Student: 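Pasting in a structure now, in structure tokens, and then I'll have a few things to ask.
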2 protein chains.
Amino acid sequence: MDNLHLAPIIIGKLLNIGGMLQRQGNKILLPFDLNQQQFSVFFEIVKVGKVKQKDMVNRLLLEKAHVSKVVKKLQKMELITVTVSGEDKRSYWLSTTQKGEQTLKKCMKIFEEWNKEWLGAIDEKQLPLMLENLTQLQSVFKDKIKKNDI
Amino acid sequence: MDNLHLAPIIIGKLLNIGGMLQRQGNKILLPFDLNQQQFSVFFEIVKVGKVKQKDMVNRLLLEKAHVSKVVKKLQKMELITVTVSGEDKRSYWLSTTQKGEQTLKKCMKIFEEWNKEWLGAIDEKQLPLMLENLTQLQSVFKDKIKKNDI
DNA sequence: ATTAAAAAGTTTCCATGGATACTAAAGATT
DNA sequence: AATCTTTAGTATCCATGGAAACTTTTTAAT
């Protein structure tokens with residue numbers, strides 16, 4: 001049984017779906033003056049609470065230059081605070097402001113509504129299995145990228 | 001049983017995976033002077049054989065302005081030919097050149113290798129089910145976007 | 001037939017994000 | 001201690017892609 005010939009079709013669909021979601025996500029976040037990638041950085045900061053800028057690069061596997069710009073933007077928008085680390089003057093601590101937490105809540109509300117609406121058409125029983133599959137894919141791909149980096 | 005609370009997690013993972021694949025896809029296609037989106041347009045044209053530019057917009061659900069630019073680029077690279085439609089002078093027919101077909105073959109080879117390597121870490125037995133899930137998601141999301149458009 | 005509306009593409013503007021080179025601080029090496 | 005290397009982050013360059021305004025052709029309405 002050689003199912004590996006399905007690989008390009010699966011990857012193709014993941015790419016297509018990812019693109020659709022990203023574009024739709026951008027539209028939905030428009031009122032907040034954020035796009036989907038910026039939101040994902042922001043979300044991660046709030047989730048972790050206090051995090052080094054460097055760690056964000058590893059967590060999300062984005063370019064550090066990109067993260068730098070997003071951080072600047074979030075700071076300007078007063079959604080996060082950036083403080084110099086004591087021990088290492090090169091590195092920064094990122095954490096949420098109150099305004100940031102409030103904004104996140106509003107974003108999440110709209111985001112979740114959207115997500116539920118879009119997945120509402122899928123049989124609920126399938127969702128846990130889907131999640132399992134995606135979790136596995138995510139961790140495998142992350143691994144591959146990290147190994148490629150070295 | 002309310003599994004719909006999984007929705008944001010599933011969408012989040014799809015976004016994350018999509019991003020990783022897109023960035024990696026861009027890197028892999030670099031030698032061909034194409035990025036992942038341009039490739040997907042190109043691939044669709046070759047797959048269909050002869051297609052109206054307008055239909056490409058519907059098939060891939062991209063902005064027509066974007067498609068216009070990609071088409072121009074592909075034409076400049078001599079991968080496709082663009083001919084004015086006889087009946088309707090506003091619309092164009094897109095089709096592959098020989099160079100285009102050769103280039104696509106080379107791309108696909110590298111692309112498929114990459115795909116197989118990345119999915120090689122997944123249990124083969126799961127792939128058909130994954131594909132089924134993704135196909136369903138893809139069609140549901142496409143529907144949602146189209147309805148939103150109207 | 002004339003005017004109005006829609007449709008197919010293009011152009012232009014601008015924020016975005018990847019790549020590269022750079023700065024400054026920290027760690028390693030001699 | 002002085003020099004070399006690595007590391008965290010920034011600045012700069014440039015192709016990309018979304019949004020909106022625009023052109024031209026086609027279709028609809030009066």
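Computed from heavy atoms alone, side chains included, the values below leave out hydrogens, waters and symmetry copies. Here the structure is a predicted model, which is why all the values come from computation and not from measurement. Lettering of chains follows the sequences in order, A, B, ..., and the numbering in each one begins at 1.
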Student: For nucleotides 8-10 of chain D, tabulate all protein N/O to nucleotide N/O atom pairs closer than 3.5 Å, reporting atom names and distance.
Tutor:
residue: D/dG9; atom: OP1; partner: A/Tyr92; partner atom: N; Å: 2.8
residue: D/dG9; atom: OP2; partner: A/Lys54; partner atom: N; Å: 2.7
residue: D/dG9; atom: N7; partner: A/Lys64; partner atom: NZ; Å: 2.8
residue: D/dG9; atom: O6; partner: A/Lys64; partner atom: NZ; Å: 2.9
residue: D/dT10; atom: OP1; partner: A/Lys72; partner atom: NZ; Å: 2.5
residue: D/dT10; atom: OP2; partner: A/Gln53; partner atom: NE2; Å: 3.1
residue: D/dT10; atom: OP2; partner: A/Ser68; partner atom: OG; Å: 2.5

Student: Ignoring hydrogens and angles, tell me if any N or O in the side chain of B/Asn133 forms a donor-acceptor pair with the backbone of A/Met130 under 3.5 Å.
Tutor: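 Pair absent, no side-chain N/O of B/Asn133 close to backbone of A/Met130.
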Student: Can you measure A/Leu29 atom CG to C/dA15 atom P for me and round it to whole angstrom units?
Tutor: 18 Å
Student: Calculate the interatomic distance between A/Ile145 atom CD1 and C/dG18 atom P; express it in whole Å.
Tutor: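 It is 11 Å, rounded to the nearest whole Å.
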Student: Going by side-chain hydrogen bond (donor to acceptor under 3.5 Å, both in side chains), name the pairs with one or both residues in residues 63-74 of chain B, residues two or more places apart or in two chains.
Tutor: B/Gln38-B/Lys73
Student: Just jot down the salt bridge (Lys or Arg N to Asp or Glu O under 4.0 Å) partners of B/Lys47, sequence neighbours excluded, or say none.
Tutor: B/Glu44
Student: With a cutoff of under 4.5 Å between side-chain heavy atoms, which Ile, Leu, Val, Met, Phe, Trp and Tyr residues group with A/Leu129?
Tutor: B/Leu129
Student: With a 4.0 Å limit, can you tell me whether B/Gln37 has a side-chain N or O closer than that to the phosphate oxygens OP1/OP2 of D/dT16?
Tutor: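 It does not, given that no N or O in the side chain of B/Gln37 lies less than 4.0 Å from OP1 or OP2 of D/dT16.
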Student: What's the NZ-P distance between A/Lys27 and D/dG17, to the nearest Å?
Tutor: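 So the NZ-P distance, A/Lys27 to D/dG17, works out to 16 Å.
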Student: Please list residues of residues 44-51 of chain A whose heavy atoms come under 4.0 Å from any atom in DNA chain D, ordered by number; otherwise none.
Tutor: none
Student: What is the distance, rounded to the nearest whole Å, between atom CD of B/Glu63 and atom C1' of D/dA21?
Tutor: 14 Å
Student: Tell me every residue that passes side-chain hydrogen bond (donor to acceptor under 3.5 Å, both in side chains) with B/Ser139, counting only those two or more places apart in sequence or in another chain.
Tutor: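 Result, side-chain hydrogen bond (donor to acceptor under 3.5 Å, both in side chains) vs B/Ser139: none returned.
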Student: What integer distance in Å separates B/Leu62:CG from D/dT16:C1'?
Tutor: 13 Å
Student: Under 4.0 angstrom, heavy atoms only, what part of the nucleic acid is B/Gln36 near: base, sugar-phosphate, or nothing?
Tutor: nothing
Student: CG of A/Asn35 versus P of D/dT16: gap in Å, rounded?
Tutor: 19 Å
Student: Using the ring-ring contact (aromatic ring centres under 6.0 Å, His included) rule, collect all pairs that involve residues 97-129 of chain A, keeping only residues at least two apart or in two chains.
Tutor: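 Every pair satisfying ring-ring contact (aromatic ring centres under 6.0 Å, His included) with a residue in residues 97-129 of chain A: A/Phe39-A/Phe111, A/Phe111-A/Trp114, A/Trp114-A/Trp118, A/Trp118-B/Phe141.
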Student: Restricting to side-chain hydrogen bond (donor to acceptor under 3.5 Å, both in side chains), what partner residues turn up for A/Lys54, sequence neighbours left out?
Tutor: none
Student: So, does A/Thr96 use its side chain to make a donor-acceptor pair with the main chain of A/Ile80 at under 3.5 Å?
Tutor: no
Student: What is the distance from CG of B/Leu61 to C1' of D/dG17, rounded to the nearest Å?
Tutor: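 Distance, rounded to whole Å: 16 Å.
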Student: Base, sugar-phosphate alone, or nothing: which one does B/Glu87 contact when heavy atoms must sit under 4.0 Å apart?
Tutor: sugar-phosphate
Student: Under the salt bridge (Lys or Arg N to Asp or Glu O under 4.0 Å) test, which residues partner A/Asp55, sequence neighbours left out?
Tutor: none
Student: Roughly how many Å is it from NZ in A/Lys89 to P in C/dG27, rounded to a whole number?
Tutor: 12 Å
